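This structure is a prediction, so every number in the text was calculated from the model and none was measured.
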Amino acid sequence: PFFFSSTRRHTRSSLVSVGSEMCIRDRRCLIALRAPNNMSVRSFDVKTIGGTPFLFVAGGARRTQGFFMSCNLETFVCNDQIINDSRNVVRWVNRFSVNNEGTLAYFANSLTNNLEGYSLIRSGDAFTLGTRQRNCAPVNAPTLTSELAIPFGVEVSPSDSSIIYTSSVFSHAIQKIQVSDTTCTVVTAVGSGLRTNTSNEGTANAYDANLVGFNSPHALYVLSLIHI
């Protein structure tokens, strides 16, 4: 199945999933979730943890409220966590990604411009968002192969939870970050750092990473077979 949300005024509090073309045609196999208190969905992630698929959703309202939701996609048991803090990361998230163990969620925080890791606490089918455990601060005009650019898209590697891939709409690049409780290290990067609309043309497996052009990459999806 695939999930999608909308930024339109009448549907921005909803998250919808369909399983196949047949599901779309006959309107079966459709999941529709609404954010609590009619708040807006800002980002979501789907992660299989211990063999069970979970949906995680974060967002907020215009003033002070935010929310974090988790749903077991086998039992369809969901948990809503209302957070009354105008500066909480769920209100300011660009994208987020949950690690493979379901113990941390990494957020691209548009308020601080940092990459931040928050604890997840599981109780049965429900997860609640805990406190910040990790914090990676970017630099302006970074050297992409060694300094963190301001993140927008975030994706935990499906094969290694210590590896985070980020995309930057400001630096027009994708970075591979290795994180621990105390360090955030740029392993490598792809992108020239300049915005471009031209096609990337070159020999497969021989095109220099620092020559690849991007135009404000907002999100990314990482497969376990892809290594940079």
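Residues Ile164 and Val190 do not share a hydrophobic cluster, defined by chaining ILVMFWY side chains whose heavy atoms lie under 4.5 Å apart. Ile177 and Leu220 fall into different hydrophobic clusters, defined by Ile, Leu, Val, Met, Phe, Trp and Tyr side-chain heavy atoms under 4.5 Å apart, directly or through other members. Residues Val154 and Val186 are members of one and the same hydrophobic cluster, defined by side-chain heavy-atom contacts under 4.5 angstrom among Ile, Leu, Val, Met, Phe, Trp and Tyr. A continuous path of hydrophobic side-chain contacts links Tyr207 to Phe214 [ILVMFWY only; heavy atoms under 4.5 Å]. Residues Leu73 and Phe44 fall within the same hydrophobic cluster, defined by Ile, Leu, Val, Met, Phe, Trp and Tyr side chains chained together at heavy-atom separations under 4.5 Å.
Side chains of His172 and Leu194 form no contact here, defined as non-hydrogen atoms less than 4.5 Å apart. At least one side-chain heavy atom of Cys136 sits less than 4.5 Å from a side-chain heavy atom of Val179. Side-chain contact between Thr131 and Ser119 is present, with at least one heavy-atom pair separated by less than 4.5 Å. A 4.5 Å side-chain heavy-atom check between Thr128 and Ser123 finds every atom pair outside the cut-off.
Side-chain polar atoms of Ser146 and Thr143 form no donor-acceptor pair below 3.5 angstrom. Side-chain contact annotation: Ser180 with Gln178, donor-acceptor N/O pair under 3.5 Å absent. Inspection of the Gln175 and Ser168 side chains reveals no N or O donor paired with an N or O acceptor under 3.5 Å.
Evaluation of the ring pair (Phe, Tyr, Trp, His ring centres under 6.0 Å) test over residues 120-158, restricted to residues two or more places apart or in two chains, returns Phe54-Phe127, Phe56-Phe127, Phe152-His218. For residues 110-135, every residue pair satisfying the salt bridge (charged side-chain N to carboxylate O under 4.0 Å, His left out) rule, not counting sequence neighbours, is listed here: Glu116-Arg132, Arg134-Asp181. Residue pairs meeting the side chain to side chain donor-acceptor pair (under 3.5 Å) criterion with at least one member in residues 84-97, sequence neighbours excluded, are Gln65-Asn84.
In this structure, Glu155 CD and Phe96 CZ are separated by 11.0 Å, a value rounded to the nearest 0.5 Å. The distance from atom OG1 of Thr112 to atom CG of Asn135, rounded to the nearest 0.5 Å, is 6.5 Å. Summarising the geometry, atom CD1 belonging to Ile121 is positioned 10.0 Å from atom OG1 belonging to Thr103; distances are rounded to the nearest 0.5 Å. Residue Thr198 holds its OG1 atom at 6.5 Å from CG of Asn200, rounded to the nearest 0.5 Å. Going from atom CG of Leu211 over to atom OG1 of Thr196 covers 11.5 Å, rounded to the nearest 0.5 Å. How far CE of Met39 is from CE of Met69: 8.5 Å, rounded to the nearest 0.5 Å.
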Inset, instruction - Decide side-chain contact (heavy atoms from CB on, under 4.5 Å) for Val98 and Leu104; before the verdict, give the C-alpha distance in whole Å, the side-chain angles of both, and the deciding distance to 0.1 Å. - result: CA-CA 6 Å; Val98 174; Leu104 285 168; over 6 Å; no

Legend entry - Worked verdict on Phe68 versus Tyr118 for side-chain contact (heavy atoms from CB on, under 4.5 Å): CA-CA 12 Å; Phe68 186 78; Tyr118 283 73; over 6 Å; no

Legend entry - Derivation of the side-chain contact (heavy atoms from CB on, under 4.5 Å) call for Thr166 and Leu115: CA-CA 9 Å; Thr166 63; Leu115 174 65; 4.2 Å; yes

Inset, instruction - Report the C-alpha separation of Ser161 and Asn100 in whole Å, then their side-chain angles, then the decisive distance to 0.1 Å, and conclude whether the side chain to side chain donor-acceptor pair (under 3.5 Å) test is met. - result: CA-CA 6 Å; Ser161 286; Asn100 303 300; 2.9 Å; yes

Inset, instruction - Decide yes or no on side chain to side chain donor-acceptor pair (under 3.5 Å) for Asn215 and Asn197, but give the supporting numbers first. - result: CA-CA 6 Å; Asn215 184 348; Asn197 291 318; 2.3 Å; yes

Legend entry - Test side-chain contact (heavy atoms from CB on, under 4.5 Å) applied to Val41 and Ser43, step by step: CA-CA 6 Å; Val41 173; Ser43 184; over 6 Å; no

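When all heavy atoms of Ser167 and Ile174 are compared, the pair lying nearest together is CB-CG1, 4.2 Å. Nearest approach of Val169 to Ser216, heavy atoms of both residues: O-OG, 3.5 Å. Nearest heavy atom pair, residue Tyr106 against residue Gly117, reads CD2-CA, 3.8 Å. Of all the heavy atoms in Asn99 and Gly102, the pair that sits closest is OD1-N, 2.9 Å.
The main-chain N or O of Phe76 is never found under 3.5 Å from a side-chain atom of Asn72 such that the two would form a donor-acceptor pair. In this structure a side-chain-to-backbone donor-acceptor pair under 3.5 Å is missing from Ser171 to Ala173. Counting only distance, with no hydrogens or angles, the side chain of Ser192 and the backbone of Gly213 share no donor-acceptor pair below 3.5 Å.
Scored by the salt bridge (charged side-chain N to carboxylate O under 4.0 Å, His left out) test, Asp208 finds no partners at all (sequence neighbours excluded). The side-chain hydrogen bond (donor to acceptor under 3.5 Å, both in side chains) search around Asn79 returns none, not counting sequence neighbours. Take Phe67 and apply the ring-ring contact (aromatic ring centres under 6.0 Å, His included) test, not counting sequence neighbours, and it matches no residue.
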